Amino acid sequence: MTSALGRLPRRIHKLGMAGLVAPRGTAALPGPRKRAVTLGGVRVDLMSRENALAAIRERAAGNAEVPLGVLSANLDHVNHFGAGSRWEGTLGVPSLEWLALLDGAPLVAKAEELTGQRWPRLAGSDLIGQILDDAAAQGRSVGFLGGSPEAQQLVAARLEAERPSLRVAGWWAPGRHVLTDAAAVAELCADIRAAGVDILVVCLGKPRQELWIREYGELTGAKVLLAFGAVIDFLAGHIRRAPVQISNMGLEWAWRLAMEPRRLAKRYVVEGPEAYLKLRRHSLDGAPQATSGDVPEADSGSLHGARAAADGFTPTDEHADVAALVVTYNNGADVCGLLESLRLQTREQSIKVVVADNSPNPETLSCLQEFPGVAAFATGGNLGYAGGINAACSRAGSADAYLVLNPDLRLCPGAVLALRKSMESTSAGVVVPLLRDDDGSVYPSLRREPSISRALGDALLGSRFQGRPGWLTEMDFDAESYAHPHKVDWATGAALLIRSDIAEQVGGWDESYFLYSEETDYLHRVRELKAAVWFEPLAAMVHSRGASGSSPSLDALMGANRIRYVRKFHHGSYARTFRAAVVLSALLRAPLPAHRGILGLIARESRWADLPHAVAYPGRPEQEGDFPSGTVIIPAHNEASVLGRTLEALKGPLAGGNVDVVVACNGCTDGTEAVAGAVPGVRVVTVEEASKTAALNAGDQAAGRWPRLYVDADIVVPAAALRATLEALSDDDGPLCARPAFAYDTAGATWAVRAYYRARNRLPQASASMWGAGVYGLSRKGHDRLGEFPPVTADDCYIDRMFEASEKATIACPPVTVRTPRTGRALLATLKRVYRGNSELRDVPGAHARRTLRQLAHSIKGPRSAMDAAVYAAFALAGRAARRRKSPAWERDDSSRNYKLQSWGVGSG
């Protein structure tokens with residue numbers, strides 16, 4: 001026997017090696033001797049003891065292209081790798097085949113229930129003796145990895161006495177503290193390979209042993225790798241096996257718990273019940289279905305199209321492997337360091353960089369002058385993190401992937417390439433890196449989906465008891481999670497690599513969050529597309545989080561946005577309970593000096609309007625090139641309370657000289673004309689009649705530039721959205737009619753209003769039509785077809801029905817935010833006017849209620865969407881019935897028109 005007690009490193013990143021897949025079984029195993037079922041979300045191979053031993057024996061003696069990994073599937077395995085678990089879908093690689101043996105009484109019973117046939121329990125501790133005997137008989141070498149040196153010495157002595165003909169190639173006993181030592185992995189794997197091990201017994205405990213085999217199995221040269229947990233301790237006699245009678249009764253777990261209560265209490269008492277529920281809910285007769293994020297069969301180890309830019313960064317008008325999007329706010333001291341580290345990455349791939357500067361002064365942009373290849377521009381306001389990302393993306397042009405980066409990051413060598421390798425090998429929609437603090441420690445950046453139980457756990461325990469179950473904390477504190485690649489729910493938005501096709505399908509970032517929870521929302525929408533969010537620890541970055549800053553208003557915004565997020569994706573009672581947990585957290589911390597004032601800001605939603613939100617800077621035009629020519633026409637009837645913020649967002653484009661703004665005041669009695677006239681460059685026209693279409697026609701008569709955007713007085717159009725829409729309509733081969741993307745802001749609305757707009761968002765016509773955004777535009781050719789606006793209520797619907805689908809376009813750009821009615825009564829008043837306007841258009845070809853009803857039915861995918869559809873239908877029916885009742889007042893929603901403008905800084909997301 002040889003001895004090679006060495007250190008165990010984390011893993012090798014072999015650039016030519018394919019990545020991660022969900023276990024696909026062992027198609028190459030000899031003979032039709034097994035049957036696959038899904039137990040708790042994991043694949044399990046059902047077979048007799050004889051066939052299992054034969055499969056291991058034949059693979060050890062053969063010359064298969066890939067090694068065989070053998071694991072025991074029990075409740076502990078379901079807990080770690082089953083449905084919804086941390087390591088779900090991470091075990092397999094194309095360079096390794098798995099044989100999952102049935103172990104554990106609950107799984108044996110479930111397999112019998114599914115198949116109607118009894119199957120034997122095949123525990124590693126029961127099979128190891130026969131496996132060693134077969135190896136001795138065949139002259140195959142065996143190696144042992146794991147366990148303590150003392151236990152290995154006892155086993156070595158016993159094997160030498162009881163199986164003298166067994167050839168043991170080596171013993172390796174790495175301590176846990178060296179399991180992440182990347183420098184030693186090559187030495188260890190080369191040592192095992194040089195020893196000529198045919199069968200490697202890996203005893204590192206779940207889930208470490210399976211993950212180690214998945215990452216390093218091929219590099220060891222072993223033909224069979226056995227993930228047999230505590231087998232070393234069993235062979236050494238440290239652990240007594242349960243009596244046969246107890247084992248036959250399915251109570252071996254109770255025996256082991258009684259023998260080792262401190263070590264096994266968490267596994268059997270805390271994690272066991274949850275794993276058992278997974279077993280009951282996620283089991284079926286057959287192998288698991290592949291999901292997005294699983295690695296394809298083909299070798300994906302090479303990056304097609306990777307190319308280094310000759311002079312650093314690639315221009316934005318050229319296609320690149322990666323487009324880096326950076327949002328800054330007074331980050332001149334940070335962003336240059338980021339760009340220096342990013343420029344080094346261009347040796348391995350082409351990278352273009354776009355910096356959207358939210359700063360109130362030009363100092364950050366001045367610092368970027370030493371990077372001539374970077375496209376940097378002032379956004380004209382503090383758009384928030386999401387708004388800045390959208391603005392940067394609108395300037396980035398085409399790329400294979402988009403890399404969102406905080407300005408206070410420093411990229412470690414090879415980080416971008418490692419992200420791209422992981423994305424290609426896993427087919428993930430988004431890949432996130434490992435983040436380290438300035439002192440080198442790992443920052444816990446991985447998160448779980450927000451839930452009531454997690455909010456309560458975090459409220460009561462904070463960062464204490466970090467080893468608590470995942471359903472009691474949103475943050476993932478487990479060091480093991482940061483040592484291995486795997487799927488995650490979401491991660492902090494400091495660094496995200498987003499596949500270009502996924503970015504197109506998801507659309508813009510939701511700017512209603514301003515700061516915090518925008519990445520939670522975005523990655524939720526990624527997962528709704530059945531695309532995976534993947535963590536890659538080989539891509540490391542240093543994050544100087546001190547630049548993020550904090551204040552009572554920002555901390556309150558974080559809590560408020562968590563509530564907004566849950567309201568967006570959950571029903572009212574769930575959201576109310578979640579809100580109570582967030583308020584409880586603020587209440588428990590209210591006595592602390594750093595948390596004073598936060599409780600009142602979170603608990604009183606009337607004060608949310610005073611929290612940080614997007615603002616425009618007076619006289620700060622966008623600074624890259626001339627703004628496209630065009631005219632913005634704003635019909636306004638008694639809009640003095642909201643017109644100011646709409647015009648504030650247009651000051652930048654207006655100051656550039658190429659954009660005209662015309663405000664057509666119709667029937668105003670509240671001083672709207674004075675508000676419009678106070679903005680330099682705005683042309684004000686007056687119409688005596690309170691008629692929107694009369695105002696639109698008056699605005700057209702006063703306008704001189706083409707194309708033209710028609711904007712409701714309460715709609716704030718980001719400069720980037722205005723630019724993108726004007727550019728599209730200026731194209732001779734472009735659309736005749738277009739509008740920018742839009743997003744509904746339902747913050748502060750009742751549950752019924754939020755349900756209505758969730759259902760509306762699911763209707764295809766909502767994303768393809770010109771109505772609903774409060775803004776649309778016409779090219780000169782499109783306006784020629786219109787002539788002038790007829791006296792109809794629903795001008796946007798009229799325009800939508802005038803053009804064919806091929807003549808219209810929704811522009812992918814930072815969305816305008818549409819503040820919805822806040823109450824059911826206000827929504828009903830709005831719908832009353834909308835349906836009255838639609839009834840005027842019966843002679844215009846277009847959509848009808850029957851088509852909407854079909855689309856609404858097709859949008860139902862579960863109980864939540866069904867409830868939303870029912871609420872939508874109820875409001876629609878009520879609105880249609882109410883349209884026949886003439887109202888003496890102007891029917892519009894005033895509940896969404898009352899909030900203030902302030903200015904806050906946005907550093908890191």
Side-chain angles (χ1 to χ4, degrees), residues 316 323-332 334-335 338-339 342 352-365 367-368 374-397 399 402-409 492-498 503 506-523 543 547-549 554 557 561 612-617 620-624 648-649 652-653 716-724 740-741 743 745 812-817 902-909:
T316 55
L325 312 177
V326 184
V327 181
T328 56
Y329 183 88
N330 294 338
N331 292 114
D334 302 307
V335 69
L338 166 68
L339 296 178
L342 188 59
K352 63 175 74 172
V353 181
V354 181
V355 178
D357 184 32
N358 279 340
S359 305
N361 54 64
E363 292 177 4
T364 300
L365 291 178
C367 295
L368 295 175
V374 172
F377 66 98
T379 61
N382 189 350
L383 306 186
Y385 195 59
I389 293 172
N390 288 333
C393 191
S394 69
R395 300 283 192 95
Y402 296 92
L403 178 61
V404 176
L405 295 171
N406 270 187
D408 54 353
L409 287 169
T492 56
L496 308 168
L497 183 70
I498 308 166
V506 174
W509 289 57
D510 189 339
E511 298 184 23
S512 65
Y513 294 106
F514 184 70
L515 183 65
Y516 307 125
S517 292
E518 65 276 281
E519 70 268 64
T520 321
D521 178 281
Y522 189 87
L523 296 178
H543 189 198
S548 299
L554 287 175
L557 179 65
N561 279 351
H613 56 261
V615 296
Y617 299 137
R620 284 293 308 278
E622 291 194 340
Q623 295 183 359
E624 185 182 300
E648 190 75 25
V716 176
V717 181
L722 177 61
R723 172 189 289 273
D745 176 9
C813 62
V816 300
T817 298
Q902 294 186 29
S903 177
W904 287 267
V906 176
S908 304

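Just so you know, these numbers come straight off a predicted model, no measurement behind them. Every heavy atom of this structure was used, including side-chain atoms; hydrogens, water molecules and symmetry mates were not.
- Here the side chains of V816 and P718 are in contact, with some heavy-atom distance below 4.5 Å.
- Side-chain atoms of V374 and L339, non-hydrogen and from C-beta on, do get closer than 4.5 Å to each other.
- For T328 and D357, the side-chain atoms include at least one donor-acceptor pair closer than 3.5 Å.
- Listed by chain and residue number, A323, L325, V354, Y402 satisfy the side-chain contact (heavy atoms from CB on, under 4.5 Å) test with A396 (two or more places apart in sequence, or in another chain).
- We find the CD-CG distance between E363 and N331 to be 12.0 Å, quoted to the nearest 0.5 Å.
- Looking only at side-chain heavy atoms (C-beta outward), F514 and L557 come within less than 4.5 Å of each other.
- Closest heavy-atom contact between A386 and E518: CB-CB, 4.1 Å.
- Between Y329 and P360, the closest heavy-atom pair is CE1-CD, 3.7 Å.
- The line from CG of L403 to CG of L497 is 5.5 Å long, rounded to the nearest 0.5 Å.
- In the model, Y385 has a side-chain atom that pairs as donor or acceptor with a side-chain atom of N406 under 3.5 Å.
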Kindly determine whether T520 and Y513 satisfy side chain to side chain contact (heavy atoms under 4.5 Å, CB included), including the steps that lead there.
CA-CA 10 Å; T520 321; Y513 294 106; over 6 Å; no
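- The two residues D521 and D510 come nearest to each other via the heavy atoms OD1-CB, 3.9 Å.
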Assess whether side chain to side chain contact (heavy atoms under 4.5 Å, CB included) is satisfied between D408 and V335, documenting all intermediate values.
CA-CA 6 Å; D408 54 353; V335 69; over 6 Å; no
Please report the C-alpha distance between L405 and L342 in whole Å, then the side-chain angles of each, then the deciding distance to 0.1 Å, and finally whether the side chain to side chain contact (heavy atoms under 4.5 Å, CB included) criterion is met.
CA-CA 10 Å; L405 295 171; L342 188 59; 4.2 Å; yes
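- Looking at residues two or more places apart in sequence or on another chain, you find no side-chain hydrogen bond (donor to acceptor under 3.5 Å, both in side chains) involving S517.
- One side chain, N390 or E511, offers a donor N or O that lies under 3.5 Å from an acceptor on the other.
- Here the closest heavy-atom approach between residue V327 and residue G384 is recorded as CG1-O, 4.2 Å.
- Minimum heavy-atom separation, G332 to T364: N-OG1, 3.6 Å.
- Residue H543 holds its NE2 atom at 5.0 Å from CG of L409, rounded to the nearest 0.5 Å.
- Two residues are said to be in side-chain contact when any heavy atoms from C-beta on lie closer than 4.5 Å; I389 and Y522 fail this criterion.
- The shortest heavy-atom contact between P612 and L554 is CG-CD2, 3.9 Å.
- Using a 4.5 Å heavy-atom cutoff, the side chains of T817 and V716 are not in contact.
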